[in-house]
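The structure appears below as C-alpha cells.
Only this structure's heavy atoms are used, side chains among them; waters, hydrogens and symmetry mates stay out.
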Amino acid sequence: MDATQAMVGKAMATCGEFDLEHSLVLEDGDVRYMHVRGYVLPGPTGEPATVIGTVHDITDRCLAERRNNLLANILESSLNEIYILNTDTFRIEFANKCALTNLGYSLEELEAQRIWDINPVYDQETVRRHVAPLLRGARDSLSIESLHRRKDGSEYPVDLRVQILKDHDRDLLVAIANDVSERVQRENETREAKVRAERLAYFDPLTKLSNRAGCQRDAKSHFASADKPAFLVHVDMDGFKRVNDTLGHLAGDQCLEETGRRLRDVCRGLGTPYRWGGDEFVILANSSSDPNELCERARRLMRAPMEFDGNRYWPTVSMGIALCPENGNDFDTLLVNADLALYRSKENGKDRYTFFQADMKANSETEAKIELELDEAVKTDRFVLAFQPQVNLRSQTITGVEALVRWDHAERGLLSPAEFLPVVEKSRLAPVLGEIVIDKALAAAKYWLESGFDFGRISVNISPSHLASGQVVDHFKSAMAKHDIGPERITAEVLESVFLNDNGSGHLAALKELYELGIHIELDDFGTGYASLSHVVDLPINGLKIDRSFTKQMLEDPKKEAVVNQLIHLARSLNMGIVCEGVENEAQYDRLRMMGNFSIQGYLIAKPMFFDAMTNWMRESADDLYFVI
C-alpha cells in the first residue's frame with residue numbers, strides 16, 4: 001500500500017487526478033487486484049479538501065491476462081509447429097518459434113504464405129476439401145500425415161492436426177504439426193532390415209530365385225485368394241548329375257545359375273519360378289496363363305547350349321503340370337500331382353512336359369483309357385475347329401484364318417488342346433488327328449471360296465509327331481484334291497523345334513516337300529529364343545509368326561518393341577510374310593502400324609469362333625473391316 005498511499009498523497013498535495021492498479025492481501029491470504037481512479041478537489045483556500053473516486057475489483061481480468069501470457073509463452077516455446085490460419089484466405093496469421101525455425105522463414109515472410117505454399121502434398125483445392133467438414137461443424141478436428149517444405153526447398157514429414165478456433169465474430173484454423181523425420185527414418189530402417197532378413201530367408205543367391213520357403217510363403221497367399229494360380233509346374237533338370245560328375249561342381253553351379261536366369265525369362269508375364277532344391281524348380285502360374293505356352297517356351301529356352309571352361313553341353317528339362325482346380329485347389333495337392341506328372345515325363349524320355357492325370361500311378365491304364373476315348377472321338381467325329389482371323393493392319397483386309405482344334409468330349413464338354421494334345425503326341429493318334437484337322441480346315445476353306453469370301457489362306461498347325469509320321473504330305477495332297485483347294489490357299493504352321501531336332505525323323509524333308517508343293521510354310525511363335533536368325537535364312541519357310549509374348553510386352557519394354565521391329569524388317573528383307581499374334585488393344589495396333597505393312601491376329605480383331613460364327617463374321621465384315629480397330 002505504500003506506493004498507492006504515496007500516489008494518492010501526491011495527488012492530494014497538488015489537487016489533481018489519480019489512476020492506479022494495486023493488489024490487496026486479505027486476512028485469509030487471498031489476493032485481490034484493484035483499479036482505483038479519482039480526483040482531489042481543493043477547498044476555499046485552494047488546499048486539498050475533498051477526494052472523489054471509484055474502486056474496481058479487477059482480479060478476474062488480471063488473472064486472465066496472466067493465463068494468456070502463460071499460454072502465449074507455452075505456445076511460443078512449444079516443440080511443435082503451431083500455425084493460425086485465416087479460414088477465408090488460408091493465409092498464415094501466426095506461426096510460433098518452432099515453425100519459423102523448422103521452415104527457415106521469418107514471421108513476416110511466412111505471413112505472406114498460404115498453407116499450401118509450404119505443403120507440397122496438398123494443393124488449394126485439396127486443402128479446402130479437407131477442411132470443409134471442420135468449417136461446417138461436421139468434424140471437431142482433422143489428423144493427417146503430410147510434408148512441409150522449407151524455404152530452401154527441402155522437405156520433411158509431419159503429423160498434422162487441424163481444428164477450428166472461435167475468435168469473437170470469426171473462425172480461425174489452428175494447425176499443429178509435429179516433425180516426425182526421426183520416426184520415419186527409424187520406420188524406414190526397420191522396414192529395410194525386415195526386407196533384408198526376408199530376402200535372406202526366402203531367396204536363393206545362386207539362381208537369384210525365391211527358394212522353397214519363399215515358394216511356400218507365396219503359395220499360402222495365392223491359394224488363399226480367389227485369384228488362384230491356373231496351374232503349377234514341377235521342373236527337373238535332365239542329366240544334371242552328369243554335368244557335376246564330368247565338369248565339376250563349379251560347372252553345376254553355373255548351370256543352375258543360368259537355369260534360374262532362363263526360367264525368369266520363361267515365366268515373364270506367365271508366372272513365378274522358384275528353386276525348390278537341388279536341380280528342381282517349381283513354377284506358380286498366373287491365373288490366366290496357358291500351360292502349353294509356358295512349357296513350350298521353357299523347352300525352347302532350356303535347350304540352348306551352355307558352356308563351361310571351353311566345354312559345351314545341351315541341357316534339357318522335364319516338367320509335370322497340375323491344373324487348378326481340376327487337379328487340386330491347394331498348393332500341397334498340386335505339388336504332389338505335378339511331381340507324379342514329372343515322373344511320367346522322365347519315364348517317357350525326358351525333355352518334355354506332362355499334364356497330371358487323376359490316376360497317374362496307374363499310368364498305363366489311364367493313358368489307355370484316354371486313347372480309347374480319342375479313338376471313339378475320331379469314330380464319332382467329336383473334333384471340331386475354331387477359327388481366328390488374321391487381318392492386314394494397313395488395308396483392313398482378311399489375309400488368313402487359323403484353324404484351332406477342340407475336342408467336344410461327350411461327358412466333359414469342350415476341351416482345349418492343352419487337355420488332350422500331349423497324349424495325342426505320344427500316341428499313334430497324332431497323324432490321325434492331324435489328317436482330320438487338315439480335312440476340316442480345307443472343307444471350311446472350300447465353302448468360303450464358293451460363298452465368295454476372300455479369306456486369304458487357311459492356316460493349319462502341324463505337330464512334330466505328325467511330321468515324324470511321314471504322312472503329312474499325303475494328307476495335304478489328299479485333302480487338296482478332295483476339296484479342290486490350291487496350295488496358294490494353305491498355310492502350314494510349324495514350331496521352331498522341328499527344324500533343330502530333325503534326328504532322322506523326316507521333319508525337314510517333309511516341310512521341304514510341302515514348300516515345293518506351294519504350301520505357305522510359317523514359323524510359329526517366332527522370337528521366343530529357340531531358333532537363331534541366321535538359321536532362318538536356310539529354312540523352307542515363307543513367313544514368321546511373332547510370338548504373342550512380344551506383342552504383350554512391347555508397349556512397356558522398349559527391348560521387346562525393338563525385337564518386334566527388327567523381326568518385321570528381317571522378314572521384309574528376306575521377302576517373308578509376317579503375322580503378329582496376341583494383338584489385344586488399340587495401343588498395340590497403333591504401335592505395330594508404324595512398323596510396316598503386315599498382318600495381325602488377336603482379340604482386338606476377333607476371338608476364336610466356330611464355323612458358323614466365322615462365316616457370319618466374314619459376311620458382315622466383307623465390305624469394311626475398319627470396325628475391328
Side-chain angles (χ1 to χ4, degrees), residues 1-115 118 131 134-137 140-141 161-177:
M1 292 291 295
D2 294 341
T4 302
Q5 291 175 345
M7 182 175 293
V8 173
K10 182 178 179 181
M12 292 181 64
T14 59
C15 295
E17 180 181 1
F18 59 90
D19 187 340
L20 58 101
E21 295 178 0
H22 66 89
S23 60
L24 291 176
V25 181
L26 305 183
E27 289 183 1
D28 60 3
D30 191 18
V31 178
R32 309 296 295 178
Y33 297 92
M34 302 297 176
H35 179 203
V36 180
R37 185 177 181 182
Y39 299 91
V40 177
L41 303 176
T45 61
E47 295 196 9
T50 306
V51 177
I52 301 174
T54 59
V55 178
H56 294 281
D57 188 335
I58 59 171
T59 302
D60 291 342
R61 191 195 75 189
C62 289
L63 292 178
E65 289 177 352
R66 284 191 175 187
R67 284 195 299 270
N68 289 341
N69 289 335
L70 177 62
L71 291 174
N73 289 333
I74 293 174
L75 188 72
E76 193 64 23
S77 60
S78 173
L79 297 180
N80 292 325
E81 302 173 14
I82 301 176
Y83 306 88
I84 297 178
L85 312 176
N86 187 302
T87 56
D88 294 323
T89 65
F90 287 89
R91 287 194 179 278
I92 300 173
E93 295 189 354
F94 171 80
N96 69 348
K97 181 179 179 181
C98 179
L100 300 177
T101 301
N102 286 355
L103 292 174
Y105 287 104
S106 67
L107 182 58
E108 291 75 15
E109 290 173 326
L110 205 55
E111 286 174 343
Q113 306 278 343
R114 292 179 174 85
I115 190 62
I118 64 169
V131 302
L134 297 179
L135 299 177
R136 293 196 309 267
D140 296 329
S141 63
R161 182 179 177 86
V162 184
Q163 59 191 63
I164 290 290
L165 174 67
K166 299 291 184 180
D167 180 32
H168 299 294
D169 59 346
R170 67 172 185 157
D171 292 337
L172 297 172
L173 285 172
V174 177
I176 302 175

Distance from [X] atom [atom1] to [Y] atom [atom2], nearest 0.5 Å?
| X | Y | atom1 | atom2 | answer |
| --- | --- | --- | --- | --- |
| L24 | M34 | CG | CE | 4.5 Å |
| L85 | F94 | CG | CZ | 11.5 Å |
| R170 | L172 | CZ | CG | 4.0 Å |
| N86 | L173 | CG | CG | 8.5 Å |

Exercise. Partners of Y105 by ring pair (Phe, Tyr, Trp, His ring centres under 6.0 Å), sequence neighbours excluded?
Worked result: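 With neighbours one apart ignored, the set is empty.
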Identify, with sequence neighbours excluded, every residue that meets side-chain contact (heavy atoms from CB on, under 4.5 Å) alongside [X].
| X | value |
| --- | --- |
| I176 | N80, I82, V174 |
| E111 | L107 |
| D28 | L26, D30 |
| D171 | T87, I164, K166 |

Identify the two heavy atoms, one from [X] and one from [Y], that lie closest to each other, and give their separation to 0.1 Å.
| X | Y | answer |
| --- | --- | --- |
| N102 | E81 | ND2-OE2, 2.8 Å |
| Y83 | L110 | CE2-CD2, 4.0 Å |
| D140 | L134 | C-CD2, 3.7 Å |

Problem set entry | CA sep, side-chain torsions, deciding dist, call: I118, I115, side chain to side chain contact (heavy atoms under 4.5 Å, CB included) | CA-CA 6 Å; I118 64 169; I115 190 62; 3.9 Å; yes
Residues in side-chain hydrogen bond (donor to acceptor under 3.5 Å, both in side chains) contact with [X], at least two apart in sequence or another chain:
| X | answer |
| --- | --- |
| T50 | none |
| E109 | S106, K151 |
| H35 | D19 |
| R37 | none |

For this session: Applying salt bridge (Lys or Arg N to Asp or Glu O under 4.0 Å), name anything that partners R136, two or more places apart in sequence or on another chain.
Result: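 Partners of R136 under the salt bridge (Lys or Arg N to Asp or Glu O under 4.0 Å) test: none.
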Problem set entry | Donor-acceptor pair, side chain of R91 and main chain of A112, under 3.5 angstrom |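 Yes; judged by distance alone, with no hydrogens or angles, the pair exists.
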